[in-house]
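As the structure is a prediction and not an experimental result, all values here were calculated from the model. Quick note on labels: first sequence line is chain A, next is B, and so on, each numbered from 1.
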Amino acid sequence: MEQYIALGIACVAMGLVGIGESLVAMKAMESIGRNPTAAKDVRSTLIISMGLVESIAIYILVVAILMAFAI
Amino acid sequence: MNLNHAIEFPTWNDIPPEFLTSVIALLIIAILALVVRARLKSYDPLKPPRGILYAAEELVGFADRQVQSMMGPAFDGFGGYILVLGLYIFISFILGFIGIPNVFQPGSEKFLAPLPNPFTNTAMPLSIALLTFFWIHFTAMRYKGWGYFKRYTEPFAVFLPINLVTMWSPVLSLTLRLFGNALAGFCVVTLVYTGFEYAFTTVGVGLALTPLLAPIVHLYFDVFDGLIQLTVFCMLTMMNVAAEYVSPEELAEAKRAQEEKRAQRQRRRMSRRSAGAPRA
């Protein structure tokens with residue numbers, strides 16, 4: 001029972017990561033709108049920083065899998 | 001106590017299939033490199049390159065340009081390592097998505113099962129993360145000399161245990177990033193296939209619709225995710241290694257500043273002593 005509650009909390013943390021990632025996308029879109037010629041550079045930086053933010057979600061996933069199967 | 005079973009050497013069938021996929025990926029890279037080398041011998045430099053030579057030239061040029069712009073001119077030959085690292089990660093993800101049948105281990109339970117993505121085993125991402133760790137410390141030792149050991153006692157000597165633990169954080173983060181991504185892709189794809197099994201109860205409908213829907217999932221979770229993670233991994237490797245570089249001028253300047261500070265301290269001590277002398 002307790003591990004299911006813990007998994008639910010892990011999913012809440014994943015939602016927070018989603019908010020963070022959307023902030024990254026929002027700022028990138030704003031800067032593309034302000035300076036469309038820089039779109040190429042902004043896009044590559046956006047994808048890299050998205051990957052970095054996403055890694056937090058992946059850590060949560062690893063913890064969740066460990067909780068679900070190992071404990 | 002029976003120590004006979006303390007150390008058991010794995011037999012050929014005990015080897016995890018991930019290792020075989022990794023070896024296959026490395027063999028593919030080696031064969032490609034040999035083919036390019038053989039083609040280069042009969043290559044006329046006046047004609048534009050074609051076929052695999054063109055692809056190789058573009059790839060090497062791209063890696064070199066990335067290394068130049070991220071790390072500066074001091075790391076001129078580092079593009080080769082980055083290129084092989086990227087190719088290894090990408091080909092591994094592609095192999096996990098193709099799923100070559102495991103014909104190498106007859107007699108084991110996994111005989112003829114599809115070979116998985118090597119990064120679903122923690123050992124593979126850990127090994128390439130350890131390579132990055134080696135590069136970071138090798139670069140620091142090469143450019144800083146004995147000053148390399150100063151990093152463990154910064155800012156004070158009390159921080160030594162903390163610094164000894166912090167040293168391993170890039171390895172952990174790189175390992176878990178790659179491992180988690182490969183595992184997440186594997187889990188989601190398996191879930192989608194299970195969902196298809198329940199959704200299409202008639203065999204004919206399933207056979208007709210699954211090849212149309214499954215490639216979308218594979219495209220995102222194997223190809224796109226693999227590309228993003230390989231970019232992030234290579235970027236982090238380049239940034240971490242480039243952060244350790246100190247140009248000779250900077251090193252000389254740091255030494256001069258240190259000596260100046262020492263001289264200033266000595267002067268202050270001398271003046272204090274001379275000021276205190278009449279009183280005594």
Next on the checklist: Nearest 0.5 angstrom please: A/Met50 CE to B/Thr231 OG1, how far?
Outcome noted: 14.0 Å

Checklist entry - Between B/Val232 and A/Leu52, is any pair of side-chain heavy atoms under 4.5 Å apart? => result yes

Checklist entry - Got a sec: does the CE of B/Met167 have more than 12 other heavy atoms crowding it under 6.0 Å? => result yes

Checklist entry - By a 4.5 Å heavy-atom criterion (distance strictly below it), what part of B/Leu178 contacts chain A: side chain, backbone, both, or neither? => result neither

Checklist entry - Side chain, backbone, both or neither: which part of B/Ile228 has a non-hydrogen atom closer than 4.5 Å to chain A? => result side chain

Item to check | Candidates B/Leu176, B/Asn181, B/Leu183 - the one meeting side-chain contact (heavy atoms from CB on, under 4.5 Å) with A/Val62 | outcome: B/Leu176

Item to check | Considering all heavy atoms, the nearest A/Ile58-B/Arg177 contact | outcome: CG2-O, 3.9 Å

Checklist outcome for this item: d(B/Met239 CE, A/Ile48 CD1) to nearest 0.5 Å is 8.0 Å

Next on the checklist: Rounded to the nearest 0.5 Å, what separates atom CD in B/Gln66 from atom OG in A/Ser44?
Outcome noted: 8.0 Å

Checklist entry - For B/Tyr54, does the OH atom have more than 12 heavy-atom neighbours from other residues, nucleotides or ligands under 6.0 Å away? => result no

Checklist entry - Heavy-atom distance under 4.5 Å to chain B: side chain of A/Leu61, backbone, both or neither? => result side chain

Checklist entry - Would one find more than 12 heavy atoms of other residues, nucleotides or ligands at under 6.0 Å from atom CZ of B/Arg151? => result yes

Item to check | Whether over 12 other heavy atoms sit under 6.0 Å from B/Phe186 CZ | outcome: no

